[in-house]
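What follows is a short report on a single structure.
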There are 2 protein chains.
Amino acid sequence: MRTIPAVKVSFKAQALQAREDAIMHAVNHLLADKGFDCMTVDEVAAQVGIAKASVYKHFPSKEDLAAAAMAQILRRAQAYMEALPVNLPALEKLRSVVRWAIERKLSGEMPSLPGQNCRLRAALVANPGYMNGLLAVSEQLGQWIAIAQAQGSLNPQLPATAVLFTLYARACDPVLEFLKAGGNYSDAEIMDLVLSTCFDGLNARAEPAPCSAPAPGSSPSPSPG
Amino acid sequence: MRTIPAVKVSFKAQALQAREDAIMHAVNHLLADKGFDCMTVDEVAAQVGIAKASVYKHFPSKEDLAAAAMAQILRRAQAYMEALPVNLPALEKLRSVVRWAIERKLSGEMPSLPGQNCRLRAALVANPGYMNGLLAVSEQLGQWIAIAQAQGSLNPQLPATAVLFTLYARACDPVLEFLKAGGNYSDAEIMDLVLSTCFDGLNARAEPAPCSAPAPGSSPSPSPG
DNA sequence: GTCTATAATCAGATAGAC
DNA sequence: GTCTATCTGATTATAGAC
């Protein structure tokens, strides 16, 4: 006599999934707030409201926690990129992705890992979700970079990989924290500043009126009040 | 009867100073290599070839080691900036400083600290050498930024603080590690790429003859590679 | 001041009851 | 699967001989 109907198993699975989501949520914010090294598994457990041993039932190590968080943010990035309008110019797609990443960072949802050393790198490359997500995002970005360069909207003299790395680096740019800590600018203003320095650079743009035709795509977005 | 002539004291002081220099050298490279959290005082002592307790005779804590390293690099930056030709245009002075910082980073002499949390912040602001150096460098950079913006060589629409923070951020840009890890570019090429993306941005520069140029970014040619 | 040896602490990971 | 309680190892920091 079967005493465990399928619906009960489903409930159980749902509870499991819900708890894992809660863990991921806590990890995301702790990684964004304190970074990997300063985040402790005790804090994760306390924030979720479970015991530390329970965390280790879901994730085999602290590194896997971080890897899962990165895989999740990459999946979200992938979904965002796929949802962009098809007819949007490639450069605008790239700007949108950077804007999306900055928004995530400003709202404390962007986990930042120490790119430097440790077992973290090993755990990351061993995590299929992370590697697949990174590959998919990089390939999509690479296509848009190539298109934007072919169209002349992105500097064709820059190697595509350098552009790609620069975009990734801007997703964890400490300038955001500096400006936010200064407290003199709203999130929207910070967004404009970072986007401007990323795509337009620090130099003054060439004057738009050497002749009668204004150059498209180079109009500096005016700072909001 | 005085048995300790002054010259002996001087020798002793020299030996002390030499040992402290050796400690700072090791700390600089370890901070550049592994970062603050992953650097251990045991490693510092081992690399210098002394006992760990001896390190603590020179510096009261691990945080003070990092603060001293930062104070040192700021003093070096200050010296470099003061040695720049007076008649160099302000924008070129700024570019030179960024170039100098990138060189230091590429050669593993630039300590990188986790900007995030911990007692490190407290130790830094409590260190007069660090605070004075940071203030002096920031003031000098701020002057050059203002001049460059007044001259129209630096984008005047950007707040000076945003430019300043961006310059600091580029001094610890992870793009350097990415490009170096890729192994496809020499240090000189990496330098050019980073300087270009910092000051010129990712966008294509305005064409020198924009009057008859076709509008970029408007022809969607989705041809993936 | 430098050393060896050790204290004190903290965080990652696990054992075993339920 | 979750909990309490514990182990294990690493790391900062210090005590005391020389």
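Excluded from the calculations below are hydrogen atoms, water molecules and symmetry mates; all remaining heavy atoms, backbone and side chain alike, are included. A note on names: the letters A, B, ... follow the listed sequences, proteins ahead of strands, and every chain is numbered from 1. Being a predicted model, the structure only gives us computed values, none of them experimental.
One finds no side-chain N or O of B:S54 lying less than 4.0 angstrom from the OP1 or OP2 phosphate oxygen of C:dG1. For the pair B:T40 and D:dT11, the criterion of a side-chain N or O lying under 4.0 Å from OP1 or OP2 is not met.
Atom pair A:K52:NZ and C:dA11:C1' shows a separation of 6 Å (rounding to whole Å applied). When rounded to the nearest whole Å, the span between CZ of A:F36 and C1' of C:dG12 equals 10 Å. Between the CZ atom of B:F59 and the P atom of D:dA13 there is a distance of 14 Å, rounded to whole Å. If you take CG of B:D42 and P of D:dA10, they are 11 Å apart, rounded to a whole angstrom. In this structure, the CD1 atom of B:I50 is 15 Å from the C1' atom of D:dA13, given to the nearest Å. Between A:E43 atom CD and C:dC10 atom P the separation is 13 Å, expressed in whole Å. Distance, A:D64 CG to C:dG12 P: 13 Å, rounded to whole Å. One can place CZ of B:R119 at 9 Å from P of D:dT12, the figure rounded to the nearest angstrom.
In this structure, A:S61 OG and A:R119 CZ are separated by 7.0 Å, a value rounded to the nearest 0.5 Å. Expressed to the nearest 0.5 Å, how far CD1 of A:I147 lies from CG of A:L91 amounts to 11.5 Å.
A donor-acceptor contact closer than 3.5 angstrom is absent between the side chains of A:N155 and A:Q149.
Nearer to the 5' terminus of DNA chain C, by closest-nucleotide assignment, is the contact made by B:A51 (compared with the other of A:M39 and B:A51). Map B:E63 and B:K57 each onto its nearest nucleotide of DNA chain D; the residue landing nearer the 5' end is B:E63.
With hydrogens and angles disregarded, a donor-acceptor distance shorter than 3.5 Å links the side chain of B:N132 to the backbone of B:P128.
Taking every side-chain heavy atom of A:A53 into account, D:dC3 is the closest of C:dG12, D:dC3, D:dT12. Of all nucleotides listed (D:dT2, D:dA13, C:dA13), C:dA13 comes nearest to the side chain of A:K62.
Atom CD of A:Q157 is surrounded by 12 or fewer heavy atoms from other residues, nucleotides or ligands within 6.0 Å.
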